[in-house]
Amino acid sequence: MTQDSPTLTLAEIAAHLGAGLQGDGNRRVRGLATLRDAGPEQVSFLANRAYLKDLPGTRAAAVLLHPDHAGECPTACLTLGNPYLGYAELSRLFDPLAGRETAGVHPSAVVGEGVSLGEGVAIGPQAVVEAGVVLGGDVVIGPGCVVGADTRIGAGSRLHANVTVYHGVVIGERGILHSGCVIGADGFGFAHDGGGWHKIAQLGGVILGDDVEVGSCSSIDRGALGDTVIGNDVKIDSQVQIAHNVQIGDHCALAGCVGIAGSTRVGRHCMLGGGVGLSGHLTICDGVQVTGMSLVTNSIHEPGVYSSGTGAMDNAQWRRNAVRFKQLDEIARRLSRLEKAGRGG
Amino acid sequence: MTQDSPTLTLAEIAAHLGAGLQGDGNRRVRGLATLRDAGPEQVSFLANRAYLKDLPGTRAAAVLLHPDHAGECPTACLTLGNPYLGYAELSRLFDPLAGRETAGVHPSAVVGEGVSLGEGVAIGPQAVVEAGVVLGGDVVIGPGCVVGADTRIGAGSRLHANVTVYHGVVIGERGILHSGCVIGADGFGFAHDGGGWHKIAQLGGVILGDDVEVGSCSSIDRGALGDTVIGNDVKIDSQVQIAHNVQIGDHCALAGCVGIAGSTRVGRHCMLGGGVGLSGHLTICDGVQVTGMSLVTNSIHEPGVYSSGTGAMDNAQWRRNAVRFKQLDEIARRLSRLEKAGRGG
Amino acid sequence: MTQDSPTLTLAEIAAHLGAGLQGDGNRRVRGLATLRDAGPEQVSFLANRAYLKDLPGTRAAAVLLHPDHAGECPTACLTLGNPYLGYAELSRLFDPLAGRETAGVHPSAVVGEGVSLGEGVAIGPQAVVEAGVVLGGDVVIGPGCVVGADTRIGAGSRLHANVTVYHGVVIGERGILHSGCVIGADGFGFAHDGGGWHKIAQLGGVILGDDVEVGSCSSIDRGALGDTVIGNDVKIDSQVQIAHNVQIGDHCALAGCVGIAGSTRVGRHCMLGGGVGLSGHLTICDGVQVTGMSLVTNSIHEPGVYSSGTGAMDNAQWRRNAVRFKQLDEIARRLSRLEKAGRGG
């Protein structure tokens with residue numbers, strides 16, 4: 001269900017995006033939709049050639065696209081060199097939630113002693129902000145959130161409902177934390193005495209840089225001694241697990257269900273596909289991409305794309321091949337013997 | 001720990017299930033247990049031949065089973081063509097929680113303006129129901145839940161404690177949402193400007209059909225423009241991630257830890273095993289089963305069972321074979337050369 | 001961010017650990033850090049030869065280490081046969097949170113009828129404790145937690161913020177439950193009538209032994225009829241899914257993102273690496289280790305280390321090999337034919 005959006009003229013949009021405009025600048029639009037779904041009060045965009053086929057038939061009031069495609073556009077157009085980036089700008093322009101929050105502390109919220117609230121801070125119903133917390137300007141703490149003692153959250157950050165942040169965590173500016181995520185729970189550290197486990201208190205913290213987004217139900221654990229550190233502009237999807245003392249460089253993107261074991265360092269500009277696992281104590285250099293559900297057990301020192309696993313196939317075929325996988329070393333040895341026999345013969 | 005259950009006579013049970021009865025219809029039972037664990041005040045069932053061995057020794061007051069096995073039953077029996085389905089009915093009959101909720105809004109709950117409450121709605125302690133929400137009859141909102149503005153929840157649905165539903169979500173009738181699940185958080189959408197990421201506001205919503213169940217700590221993200229759509233009678237286990245604009249057809253079942261990337265469409269009557277991953281933008285036809293922890297990176301157009309990966313083996317054996325997997329293309333080429341040499345010789 | 005820690009003399013620490021001391025017992029330290037990071041007011045430790053290189057340059061006030069390395073230590077030393085275990089003790093000694101909680105029920109908490117509170121119990125703001133719950137001495141219920149009716153929690157256990165425990169769960173002593181985890185949600189049980197799904201009410205419970213730790217956002221489902229049972233001293237990381245009627249033996253450790261399907265029994269002293277999946281209805285004997293992201297589909301009857309999958313490699317290389325995996329059975333057959341031809345020739 002698309003929410004109510006503000007209305008804007010095409011000229012206002014062009015000015016906001018720094019886009020060229022062909023068509024009636026006074027025309028008013030009040031939403032954003034795909035080329036196929038857009039109605040005459042909506043603006044659309046073309047950012048991927050796969051959707052070029054939908055351009056001629058669109059009913060949109062205007063289409064944001066690359067200048068090269070302006071000639072094929074049946075309606076007004078907004079032209080930009082990077083239309084996908086323009087779409088991102090547009091989407092935020094039409095976001096019905098932007099600035100909806102009203103500042104103030106809801107009477108049902110519980111705010112501890114010595115909490116510092118920046119200007120414009122909004123704390124929602126049933127939230128708990130423990131003693132010594134510092135919230136920068138315009139921070140939004142959603143309903144049901146718990147922010148632990150002495151945690152600091154930078155200006156413009158938003159915690160959606162039911163987020164949990166433990167004590168002593170540092171979150172940068174403009175962060176977005178989605179519901180159910182947990183920042184700063186204990187890392188998984190135990191010493192074994194030969195019979196059972198002894199807990200290692202997790203004395204470090206978590207530092208999130210600026211512009212970090214964390215998806216729903218994701219976990220970022222606090223460090224054992226030093227901190228777990230997430231760089232600036234790191235985007236983390238839902239259901240992700242980041243263990244203690246992991247370091248993630250700036251501008252990385254981690255898709256859903258990724259798991260990173262303790263003390264691994266990921267460089268800048270890395271992209272991890274859904275369900276990827278990184279073992280502990282690895283170093284992954286800048287510019288590495290790992291495809292979905294791959295397991296990385298060794299450090300990576302060259303930028304590039306990495307993968308593991310096998311593709312899906314019909315189960316009967318898979319069973320035959322999976323049995324052979326268990327014989328693979330033996331198969332290779334038999335092949336070598338044959339090759340030697342051939343050469344000898 | 002089994003909870004206290006209501007007591008019923010065998011005749012009442014037979015009538016409720018539409019089952020045949022052999023034995024004393026006035027006998028009273030007050031619970032349900034396995035053939036091995038059942039005591040003389042409990043009823044049991046046989047739905048799987050693997051447990052036929054437990055039938056002769058059961059102490060149960062009565063056993064629900066297929067008529068073919070009635071002769072082997074040492075006690076009263078309730079006969080049905082599909083005893084597993086009968087077990088499902090029985091389990092609900094003995095559910096001590098059914099109907100336990102008392103209607104009304106707990107004084108500690110926070111209910112926004114313009115909220116519409118159907119008859120019999122129960123809103124638990126510390127819950128937050130934001131402005132404009134519409135709750136159908138007998139909806140239960142558990143303790144600590146947050147329901148975002150303008151969300152609609154159909155009659156008879158139940159949110160267990162600490163569920164989060166964002167704004168503008170639509171949930172059908174008789175839904176069950178387990179604790180910690182999050183419906184309607186932002187999808188994972190960003191545009192790259194060559195240096196870093198720009199957020200794409202997620203303007204779509206989430207629509208859950210009727211009779212949908214969502215397990216604990218699962219995430220269903222809202223659409224980027226259109227909606228994420230979950231069909232009727234879809235059952236979703238715990239720790240599942242469903243990305244933006246995914247569509248799931250009616251009657252699907254998704255086991256724990258499944259992850260589905262953006263815009264993938266899953267047909268009706270599909271079953272995804274635990275930990276299965278589906279890449280984005282795929283089309284999976286009706287009637288597909290994918291076995292546990294398989295990764296699907298291409299669309300599937302034929303019903304059937306699909307798999308990827310390799311089976312577990314002793315680590316030393318696995319190491320040898322996994323090394324060979326990295327040589328597999330070379331092994332295949334060497335084999336081809338040998339074959340050619342053989343033919344040539 | 002490391003929190004403020006108490007100060008202690010080296011003699012006090014040596015006495016607490018039962019360690020030998022070389023150096024000034026009156027020297028005061030007020031924290032714990034790695035050999036590289038420690039300052040002159042901190043104590044450090046050497047528990048892994050990989051860090052021996054950091055010993056000569058450490059600025060720590062004292063180092064906890066094996067007596068064999070005392071000669072190489074440039075500062076005071078605390079000597080112990082198992083220094084890693086000593087580190088665990090030390091970490092707890094310097095934990096600034098230990099004993100920080102003050103007993104009592106926060107005025108915003110909602111406590112139901114007939115709840116039994118042991119001495120020293122602390123119930124945080126916005127928490128909900130339903131009717132009939134029994135909390136042992138010194139139990140801490142964090143902010144925003146919900147504890148369902150008739151649940152029992154043993155002495156010294158701590159629920160961090162926003163934990164959800166359903167009705168009728170039993171938790172042992174000294175347990176630690178991290179934020180966002182959910183204990184006792186319904187297992188995933190449905191009967192199919194040929195067209196759709198019928199819910200099987202989950203009438204069993206969950207029993208956690210003593211000294212169990214459960215990580216953030218993990219799920220342990222209640223049993224269908226009998227209970228889901230987690231043994232004593234079982235350590236469970238974040239994002240783990242444990243399905244209904246699973247049994248885990250004492251002293252097991254489950255790393256992040258593990259998933260265990262219904263009714264599987266895991267023996268004592270097992271270790272499951274991150275992302276491991278166990279199919280349902282398996283028996284895993286004592287002393288089994290499974291490496292990260294392996295899938296186990298058959299019971300394991302011998303202790304040892306088990307693995308599945310393939311290691312990550314360059315994507316171009318991987319594509320060539322993954323294609324060959326689909327031909328693997330055929331490759332093996334071709335090899336056999338060649339071998340026969342060779343013998344026949």
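Chain letters run A, B, ... following the sequence lines, proteins first, then strands; residues in each count from 1. The shown structure was predicted, so the numbers you read here are calculated from the model rather than taken from an experiment.
Heavy atoms closer than 4.5 Å to chain A are found nowhere in B/V290, neither backbone nor side chain. Contacts between B/L335 and chain A at a heavy-atom distance below 4.5 Å involve backbone atoms as well as side-chain atoms. With a 4.5 Å cut-off on non-hydrogen atoms, A/C252 touches chain B through its backbone but not through its side chain. With a 4.5 Å cut-off on non-hydrogen atoms, A/N82 touches chain B through its side chain but not through its backbone. The part of A/Y87 that comes within reach of chain B is its side chain, from C-beta onward, which places non-hydrogen atoms under 4.5 angstrom from that chain. If you measure heavy-atom distances from A/A33 to chain B, the contacts under 4.5 Å come from the backbone alone. Residue contact with chain A, scored on non-hydrogen atoms closer than 4.5 Å, involves the backbone of B/S108 exclusively. Contact annotation for B/Q126: both backbone and side-chain heavy atoms come within less than 4.5 Å of a heavy atom of chain A. For A/I176, the part lying under 4.5 angstrom from a heavy atom of chain B is the side chain only. At a 4.5 Å heavy-atom cutoff, the contact between A/S336 and chain B is made by backbone and side-chain atoms alike. For a residue to count as touching a neighbouring chain, one of its non-hydrogen atoms must lie under 4.5 Å from one of that chain's; by this rule B/V323 does not touch chain A. For B/A243, no part lies near chain A; criterion is any non-hydrogen pair under 4.5 Å. When heavy atoms are compared at a cutoff of 4.5 Å, B/V128 approaches chain A solely by way of its side chain, counted from C-beta outward. Residue contact with chain A, scored on non-hydrogen atoms closer than 4.5 Å, involves the backbone and the side chain of B/F325 alike. Within the 4.5 angstrom heavy-atom criterion, only backbone atoms of A/Q327 (N, CA, C, O) approach chain B. Of the two parts of B/A312, only the backbone, made up of N, CA, C and O, holds a non-hydrogen atom closer than 4.5 Å to a non-hydrogen atom of chain A.
Taking all atoms of both residues into account, the shortest heavy-atom contact from A/S218 to A/Q239 is OG-N, 3.0 Å. Minimum heavy-atom separation, B/V206 to B/D227: N-OD1, 4.3 Å. In plain terms, the two heavy atoms of A/A161 and B/V146 that are nearest each other are CB-CG1, 3.7 Å. Contact record, A/N315 with B/S307: ND2-OG, 2.7 Å, taken as the closest heavy-atom pair. What you find for A/H178 and B/A185 is that their closest heavy atoms are ND1-CB, 3.8 Å. B/I284 and B/C270 make their closest contact through CG2-SG, 4.3 Å (heavy atoms, listed as atom of the first residue, atom of the second, distance).
One distance of note links CG of A/L85 with CG of A/L90; it measures 10.5 Å at 0.5 Å rounding. Atom NZ of residue B/K199 and atom CZ of residue A/R174 lie 14.5 Å apart, to the nearest 0.5 angstrom. Rounding to the nearest 0.5 Å places CG of B/L278 at 6.0 Å from OG1 of B/T264. From B/I220, atom CD1 reaches atom CD1 of B/I207 across 12.0 Å, with rounding to the nearest 0.5 Å.
Put simply, of A/R319, A/E213, A/E89, the one with the most heavy-atom pairs under 4.5 Å next to chain B is A/E213. With chain B as partner, the option from A/P143, A/G256, A/A316, A/A322 having the largest number of non-hydrogen pairs under 4.5 angstrom is A/P143. For the options A/N232, A/D37, A/I236, heavy-atom pairs under 4.5 Å to chain B are most numerous at A/I236. Between chain B and the options A/G273, A/A332, A/S179, heavy-atom pairs under 4.5 Å are most frequent for A/S179. Ranking B/M313, B/R337, B/K326 against chain A, the residue ahead of the rest is B/M313, based on heavy-atom pairs under 4.5 Å. Of the listed residues (B/V296, B/I260, B/D193, B/N298), the one with the most heavy-atom contacts under 4.5 Å to chain A is B/D193. In terms of non-hydrogen atom pairs under 4.5 Å with chain A, the most contact-rich of B/G309, B/S279, B/A224 is B/G309. Taking chain A as the reference chain and counting heavy-atom pairs below 4.5 Å, the highest number among B/R334, B/Q317, B/H198 is found for B/R334.
Only one option out of A/I248, A/I230, A/V276 pairs with A/L254 in a side chain to side chain contact (heavy atoms under 4.5 Å, CB included); it is A/I248.
In this pair, A/H269 and A/H251 present their aromatic rings parallel. The plane angle is below 30°, not in the 30 to 60° band.
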Is there a side-chain contact (heavy atoms from CB on, under 4.5 Å) between A/N321 and A/T310? Walk through the geometry before answering. CA-CA 11 Å; A/N321 292 320; A/T310 69; over 6 Å; no
Passes side-chain hydrogen bond (donor to acceptor under 3.5 Å, both in side chains), B/S294 versus B/Y306? Steps please. CA-CA 8 Å; B/S294 297; B/Y306 294 83; over 6 Å; no
